[in-house]
Amino acid sequence: MKEPKTMSQPYLRPSAPDKLSSLAVLGEGFAPLALAAETGGALTIMLWTSPAGSQLPKHLHQDADEAFFVLEGQLAITAGEDFAVVAQPGDFIFLPKGIAHTHRATGGQPARAFQVLTPGGVENGLAEVAALTPEEVTPQRIGEIAARANMILLPD
């Protein structure tokens with residue numbers, strides 16, 4: 001099957017859940033379902049898995065809106081100055097670009113969600129972090145990679 005170069009062409013990624021490659025990034029799992037390269041840069045969709053209690057650093061996306069559809073577990077999300085929720089399976093969360101946020105799996109169990117970012121491309125930064133050795137994972141290195149992915153890491 002020929003992959004599209006622009007969004008003007010239809011595209012099907014055949015179902016193969018047992019063959020999804022997952023990126024391990026700072027304890028979180030990201031299994032790409034639709035990549036920027038497949039959608040003409042329009043979006044990225046990933047199946048995101050967070051172990052119980054795991055939390056990514058507070059950050060913001062400078063050029064991408066982000067959304068989650070919770071499939072399993074509980075997902076505590078804080079965003080901006082006054083948005084704090086614990087999302088349950090079936091809940092949808094939208095985070096506009098430029099809003100500082102973080103998310104954590106709560107309730108003593110892992111959380112799984114569909115994650116959508118538009119425009120796409122964040123997977124390139126995630127792949128770069130996933131390729132680091134444990135010795136290379138430093139706040140400075142993660143910050144440099146985040147900057148290339150148009151993200152800003154923020155203090156908690």
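- The shortest distance between side-chain heavy atoms of Gln55 and His103 does not fall below 4.5 Å.
- In the hydrophobic clustering, Leu60 connects to Ile152, Leu154, either directly or through intervening members, whenever side-chain heavy atoms lie under 4.5 Å apart.
- When the side chain to side chain contact (heavy atoms under 4.5 Å, CB included) test is applied to Ala34, the partners found at least two apart in sequence or on another chain are Glu38, Thr39, Leu43, Ile45.
- Criterion: ILVMFWY side-chain heavy atoms under 4.5 Å apart, direct or through other members. Under it, Met151 and Ile99 are not part of a common hydrophobic cluster.
- Atoms CG and CD, from Leu95 and Glu66 in turn, are 5.5 Å apart once rounded to the nearest 0.5 Å.
- By the salt bridge (charged side-chain N to carboxylate O under 4.0 Å, His left out) test, Arg112 pairs with Glu72, sequence neighbours left out.
- Under a 4.5 Å side-chain heavy-atom criterion applied to ILVMFWY residues, the cluster that includes Leu35 comprises that residue alone.
- Taking 4.5 Å as the limit, every side-chain heavy atom of Gln62 sits out of range of all side-chain heavy atoms of Lys97.
- For Glu144, the side chain to side chain donor-acceptor pair (under 3.5 Å) partners are Gln140, not counting sequence neighbours.
- The heavy-atom pair separating Gly125 from Ala149 by the smallest distance is CA-CB, 4.3 Å.
- Of all the heavy atoms in Ala52 and Gly108, the pair that sits closest is CB-C, 3.6 Å.
- Among pairs with a residue in residues 115-124, none fulfils salt bridge (Lys or Arg N to Asp or Glu O under 4.0 Å), at least two apart in sequence or across chains.
- One distance of note links CG of Asp65 with OG1 of Thr118; it measures 6.5 Å at 0.5 Å rounding.
- Residues satisfying the side chain to side chain contact (heavy atoms under 4.5 Å, CB included) criterion with Pro51, sequence neighbours excluded, are Glu28, Ser54.
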Carefully, step by step, assess Trp48 and Phe68 under the rule ring pair (Phe, Tyr, Trp, His ring centres under 6.0 Å). CA-CA 9 Å; Trp48 171 75; Phe68 294 93; 5.5 Å; yes
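- Atoms CD1 and CG, on Ile145 and Asn124 in that order, are 11.5 Å from each other to the nearest 0.5 Å.
- Residue pairs meeting the salt bridge (Lys or Arg N to Asp or Glu O under 4.0 Å) criterion with at least one member in residues 55-64: none, sequence neighbours excluded.
- In summary, Arg148 and Glu128 engage in a salt bridge, as defined by a charged side-chain N under 4.0 Å from a carboxylate O.
- Looking at residues two or more places apart in sequence or on another chain, you find no side chain to side chain donor-acceptor pair (under 3.5 Å) involving Glu81.
- Hydrophobic clustering keeps Leu56 apart from Val86 (ILVMFWY residues linked when any side-chain heavy atoms are closer than 4.5 Å, directly or through intermediates).
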Show your working on side-chain contact (heavy atoms from CB on, under 4.5 Å) between Val85 and Leu75 and close with a plain yes or no. CA-CA 8 Å; Val85 297; Leu75 187 58; over 6 Å; no
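- Here the CD1 atom belonging to Ile77 is positioned 9.0 Å from the OG1 atom belonging to Thr102, to the nearest 0.5 angstrom.
- Residues satisfying the side chain to side chain contact (heavy atoms under 4.5 Å, CB included) test with Val137, not counting sequence neighbours, are Leu26, Leu132, Ile142.
- Looking at residues two or more places apart in sequence or on another chain, you find a side chain to side chain contact (heavy atoms under 4.5 Å, CB included) between Ala64 and His61, Leu117, Pro119.
- Counting all heavy atoms, side chain and backbone alike, Leu153 lies closest to Pro57 at CD2-CB, 4.4 Å.
- Contact of the His101 side chain with the His59 side chain is registered, since non-hydrogen atoms from C-beta on lie closer than 4.5 Å.
- Summarising the geometry of Phe69 relative to Gly90, their closest heavy-atom pair is CE1-O, 3.4 Å, with the distance given to 0.1 Å.
- Between Thr78 and Phe83 the shortest side-chain heavy-atom distance does not fall below 4.5 Å.
- Judged purely by atom type and a 3.5 angstrom limit, Thr44 uses its side chain to pair as donor or acceptor with the backbone of Gly121.
- Identified under the salt bridge (Lys or Arg N to Asp or Glu O under 4.0 Å) test for residues 98-111, with sequence neighbours left out: none.
- Using a 4.5 Å heavy-atom threshold, the side chains of Gln115 and Leu47 count as separate.
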